[in-house]
Each structure stands twice: as structure tokens, then as C-alpha cells.
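All remarks here apply to the structure that follows.
All of these numbers come straight from a predicted model, not from anything done at the bench. So you know, we letter chains A, B, ... as the sequences are listed, proteins then strands, and number each from 1. All values below come from the heavy atoms of this structure, side chains included, with hydrogens, waters and symmetry mates left out.
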Number of protein chains: 2
Amino acid sequence: MSLSTARPDPLTVEVEDLIGTVVARYYEEYERAAARHALTGPQARILALLTPAPLPMRQIARALKCEPSNVTGMIDRLVARGLVERRLDQDDRRVKLAAATERGAAISRHLRESLDFARVPLAGLTDAERLTLRDLLRRMLA
Amino acid sequence: MSLSTARPDPLTVEVEDLIGTVVARYYEEYERAAARHALTGPQARILALLTPAPLPMRQIARALKCEPSNVTGMIDRLVARGLVERRLDQDDRRVKLAAATERGAAISRHLRESLDFARVPLAGLTDAERLTLRDLLRRMLA
DNA sequence: TATTGTTATACTCTATAACTATA
DNA sequence: TATAGTTATAGAGTATAACAATA
């Protein structure tokens, strides 16, 4: 009997469902937090991506796992709201860099701070428990 | 200093990031699995919702956390593909029930079985570790 | 009157294909 | 010729507002 077709035990199913609930809550909270700043999820993700440093359109597409043609419109909308600006790359004149403006970066930082989903529930765990959780998640993602 | 504005410790930040990675991977895998059956994410979620039992349009909207007006079109597309059918509720003639067809339910079950994201990495943990993970997740979600 | 589902409309995100300007 | 970004287009999901049928 192969592993992938074996009927999972009840404990594994329960953990799977718990992870599904975590995922659903995380997404909801992220969308809600973004909406408080009149941003869509993808817009908030782009802003978070550009806050450390400007990025070529191409790399934004790769990070968002979408086609480069879609990035044009998304950046257009952020530019129209003064949250992002386009810059030319001196080394390769085909490249356009998207850079968060002061206001865009400020909103992005504020948004990140307001994302309490993980922080608040985690505060209910002891240091030792957080350490255990970290190790288990690390092994799951390895 | 209030809890919500306190700078979180490095361990909490790391666990937050790990959870973010879990969420991203889970979503990607779900979309990919749905796409293998030519379904979008919301379509797959509706089909999963209807596989145990038919549901009124209104309840589908609540489960998906979207406006009821959107459910009409999504069900239309599933009906057009023979995966869902509309039924009348005998008790309240305003209500329309969406029911998964035999084929729709079969696809939904097959899709669920192919969702290996959680099952495979979880297989690398011992029973005791899965138990610990379950308890920590339960407390986070409580 | 209130509720269920629908229609109409507009916006955002998505992929595909064709185009431009640079390399 | 290959690559970066864009435009054009079509489909899907989303919210808002107005409507018909039923309660």
C-alpha cells in the first residue's frame, strides 16, 4: 500500500483540519487589514514587497506567481494613488523599477503592525511551547 | 505599554513567518489541485461544501463570506458543467438548493484525496509530535 | 414588510497573445 | 534573437443597488 493512497489516521486528519482553519483565518485577517487601508490583498502584498527596496516588474510577477502583464495594471493603480512610483534602471534601460513612496511604505508598515492574527494567539503560549511549535513547523516545511 | 503595540520577540516573529509560509503553500497547493480538475478555488470550495448535502444559495454565500449575488453566477458555471444542480425547497418556495451531482461529488472527493500538502509533511512526525502540534494549534485557535 | 434569489453594473485579478523598446 | 514591459482581450470573483417572487 503506497503512502499517498493510504487512509490517513484520525489524528492526522484533525491536524490537517486545524491547519485549514489557520489558513482561512490568516487570509481573512489579511484581507480585512488591507481593506482598512482601502487596499486589495495583492496590492498589500506588492506594497510589502517594495517597502524594503524597489523591484523590477518582472520580479514582482514572480513573487506574486502571476503573469508579468498583470503587474502593469496593479502598479498603475498603486501609482494613481501615490503609493508607488516607477523608476528607470540605469544599467538596463528595458527594466522599470517599482518603488514604494514614503506614504506607501508608511501604510505598509502600519498594516504589518496591525496584523495581530499570529501575534495575539501566540502570546497565550509559553516560550517553551512557541519553541516546540517553531520546531514542528520547521520540520513540516523542510 | 499595551500588548498590541509591544515589539514582538524574535521567536514570535519567526513562528509568525513560519505560519505565513504554511498559509502560502497551502493556498498554492489548493489552487493547483483545483486547477488539475479545471476548477477555480471558489468553485472547488463550493463543491466541497455541497458534497455532504445540498445547501441554500444564502448559506453558500455565508460560508464563502461573499455577497449572495455572486453565488448565482458561480453556481451557474458549475451547473453549466454538470457538476451542480438547482433544486426547489418544498418548505420555503423562495429558497433554491444547490446540490452536487454524482460527477461533481466524485471530483470533489478525488480533489480532497489529492491534497497532500498537510498529509505528507505530517507523515514525517511521530504520533507524539502530531499530538503536540494538535494541542498547540487548538490553543492558538481557541 | 422582510427575506431569497436574481439581474445589472463596475472594479480587480487572472491568463493568453501580440506589440515596443531595448539588449 | 531574446528579454522587459506594455497593450488588448476575455473570464472569474467581488461589492453595490434594484428587482421579482414568496413569506
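Arg81(A) has no carboxylate O lying under 4.0 Å from a charged side-chain N of Asp76(A), or vice versa, which leaves the two without a salt bridge. Looking at Glu14(A) and Arg138(B), a side-chain N of the basic residue comes within less than 4.0 Å of a carboxylate O on the acidic one, giving a salt bridge.
In this structure, the separation between CZ on Arg62(A) and CD1 on Ile60(A) is 11.5 Å, given to the nearest 0.5 Å. Here Leu111(B) contributes atom CG and Ile107(B) contributes atom CD1; the two are 8.5 Å apart, rounded to the nearest 0.5 Å. With rounding to the nearest 0.5 angstrom, the CG atom of Asn70(B) is 11.5 Å from the CD1 atom of Ile75(B). To the nearest 0.5 Å, the span separating CG on Leu125(A) from CZ on Arg134(A) amounts to 14.0 Å.
Atom-to-atom, CD1 of Ile75(B) to P of dG13(D) comes out at 10 Å; the value is rounded to the nearest Å. In this entry the distance linking CG of Leu88(A) with P of dT22(C) reads 10 Å, nearest Å. Look at CZ on Arg77(A): it is 14 Å from C1' on dT6(D), rounded to the nearest Å. Going from atom CE of Met74(B) over to atom C1' of dT14(D) covers 8 Å, rounded to whole Å. Distance CG (Asp89(A)) to P (dA21(C)): 19 Å, rounded to an integer number of Å. Straight-line distance from the CZ atom of Arg45(A) to the P atom of dT12(C): 16 Å, rounded to whole Å. To the nearest angstrom, P of dA12(D) lies 15 Å from CG of Asn70(A). In this structure, the CG atom of Leu97(B) is 12 Å from the C1' atom of dT4(C), given to the nearest Å.
Pairs passing the side chain to side chain donor-acceptor pair (under 3.5 Å) check and including a residue from residues 46-59 of chain B, sequence neighbours excluded, read Thr51(B)-Ser108(B).
For the pair Lys96(A) and dT6(D), the criterion of a side-chain N or O lying under 4.0 Å from OP1 or OP2 is met. Proximity of Thr72(A) to the phosphate of dT7(D): no side-chain N or O atom is located under 4.0 Å from OP1 or OP2. Between Arg86(A) and the phosphate of dT6(D), there is a side-chain N or O to OP1/OP2 separation shorter than 4.0 Å.
Among the nucleotides dT14(C), dG13(D), dG5(D), the one closest to any side-chain atom of Cys66(A) is dT14(C). The side chain of Gln43(B) lies closest to dG13(D), out of dT16(C), dG13(D), dC13(C). Side-chain atoms of Arg58(A) lie closest to dA4(D) of the nucleotides dG13(D), dT4(C), dA4(D). In the set dG13(D), dG5(D), dA15(D), the nucleotide with an atom closest to the side chain of Pro56(A) is dG5(D).
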Taking only N/O atoms, report every protein-nucleotides 17-23 of chain D pair under 3.5 Å with atom names and distance.
from, atom 1, to, atom 2, distance (Å)
dA23(D), OP1, Arg93(B), N, 3.0

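Taking the nucleotide of DNA chain D with the nearest heavy atom to each of Gly73(B) and Pro68(B), the more 5' of the two is matched to Gly73(B). Residue Val71(B) is the one, among Thr40(A) and Val71(B), whose nearest nucleotide of DNA chain C lies closer to the 5' end (criterion: closest heavy atom).
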